[in-house]
Number of protein chains: 2
Amino acid sequence: MGADFPFSMPRFPEDAEREPLPESLTRYMGFLIAKAHQRLWTLFNDECKRLGFDVPCGGVLHLLDECGSMSQQQLGRKLRIDRTSMVKLVDVLEEKKLAKRRDHPEDRRIYLVEITPAGKKALAELQVVGEAMEKQLLSPFSEDEVKTIRRALLTLAG
Amino acid sequence: MGADFPFSMPRFPEDAEREPLPESLTRYMGFLIAKAHQRLWTLFNDECKRLGFDVPCGGVLHLLDECGSMSQQQLGRKLRIDRTSMVKLVDVLEEKKLAKRRDHPEDRRIYLVEITPAGKKALAELQVVGEAMEKQLLSPFSEDEVKTIRRALLTLAG
DNA sequence: CATGATTGTCAGTATTGCTGATGATTTCCT
DNA sequence: AGGAAATCATCAGCAATACTGACAATCATG
């Protein structure tokens, strides 16, 4: 997954204590999305943790790497994370030397958040496992089906 | 959506302060699911709040209504909610008279959680708005596409 | 009968998202 | 030019949340 947001997600249960979802609830798209999210978040967050950060940080790194430096507000708007939550997120990234705040040359209210070389390195590692994970998760589906799914989720995400 | 889980989800931003998701991140299924979840959860939770409870409670009610009384552990396993979180969830439901704990006739360790008439009534109202919401959200997609999406999410949910 | 597993509960901890405020700037308006 | 309003980052504090690790009561197993 790319990014998410800082929030506490209930863990996807271990194999031993997990049972199939109740069919009566799987009729609801919202329930399905919620539980799919729970699983993917757990899987991906474990990988992030191995690299020393977490899912929300990974999302910020990804965005910074793709789109270049931007202000915290921009980050928050794009990732749909509250501005005040973004402060702490960038604090963490800075503390771990994965990103840093730079002064904006023209607007002194703004910090331009910038990914560091260490951040790029960590992100690259994350992308490797992330893409492998997605590939495996989506292996049961055809290319067309994946396209449909993607389009649907994008629509649902608003 | 039926149910979810007790946890704090960042709100889907209001129209005014929302911008399209960054394309670079929408390539990731995990990100898409996360953001779709964020939106649906916000929408559905607002409806639940109008009825005096919240999404996780709605999920429990739904399961109880469909599958009959069961223990808290069973509820938790089926909904993939931690056992200790379930305690508080049932506390809330009982306080609001939407469900109640009954003694298990054969195993005195267990409470059978049971939906009340008031709970059934609230659930019925929720289902009306829930189904209307899903119908609207899925209106851009054909029946076959919806089937594919459902199957995909079910697979991803594990 | 003794050991171990299961169920519900609770206290305590660590996180999390957000509200509302502040100070520093910039932009807009006249 | 000058003042009002908007913008940005930040912070304190609040209300939820998930989970760990304990506990007592009860049941299952050998």
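In the text below, chain A, chain B and the rest are named by the order of the sequence lines, each starting its count at 1. In what follows, every heavy atom counts, from backbone to side chain, and hydrogens, waters and symmetry copies are set aside.
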Below 4.0 Å: OP1/OP2 of C/dT7 and any side-chain N or O of B/Q74 | no

Whole angstroms only, please: what is the [atom1]-[atom2] distance between [X] and [N]?
| X | N | atom1 | atom2 | result |
| --- | --- | --- | --- | --- |
| A/R101 | D/dC8 | CZ | P | 15 Å |
| A/I110 | D/dA6 | CD1 | P | 17 Å |
| B/E17 | C/dC18 | CD | P | 10 Å |
| A/D103 | D/dC8 | CG | P | 16 Å |
| A/L112 | D/dA9 | CG | P | 9 Å |
| A/L89 | C/dT15 | CG | P | 14 Å |
| A/R77 | D/dA9 | CZ | C1' | 13 Å |
| A/H104 | D/dA9 | NE2 | P | 10 Å |

Of all heavy-atom pairs between B/L126 and B/C48, which one has the smallest distance, and what is that distance?
-> CD1-SG, 3.7 Å

Locate the shortest heavy-atom distance separating A/L123 from A/L61; write the atom from each residue and the value.
-> CD2-O, 3.7 Å

B/S/- along nucleotides 19-26 of chain D (protein heavy atoms under 4.0 Å) is BBBB---B

Considering only heavy atoms from C-beta outward, does the side chain of B/I33 approach that of A/L153 to under 4.5 Å?
-> yes

A/E66/A/K78 under salt bridge (charged side-chain N to carboxylate O under 4.0 Å, His left out): CA gap, chis, key distance, verdict | CA-CA 12 Å; A/E66 294 267 356; A/K78 284 186 193 301; over 6 Å; no

Ion pair check, A/R18 and A/D15, cut-off under 4.0 Å | yes

Among all residues two or more places apart in sequence or in another chain, which pass the side chain to side chain donor-acceptor pair (under 3.5 Å) test with A/D144?
-> none

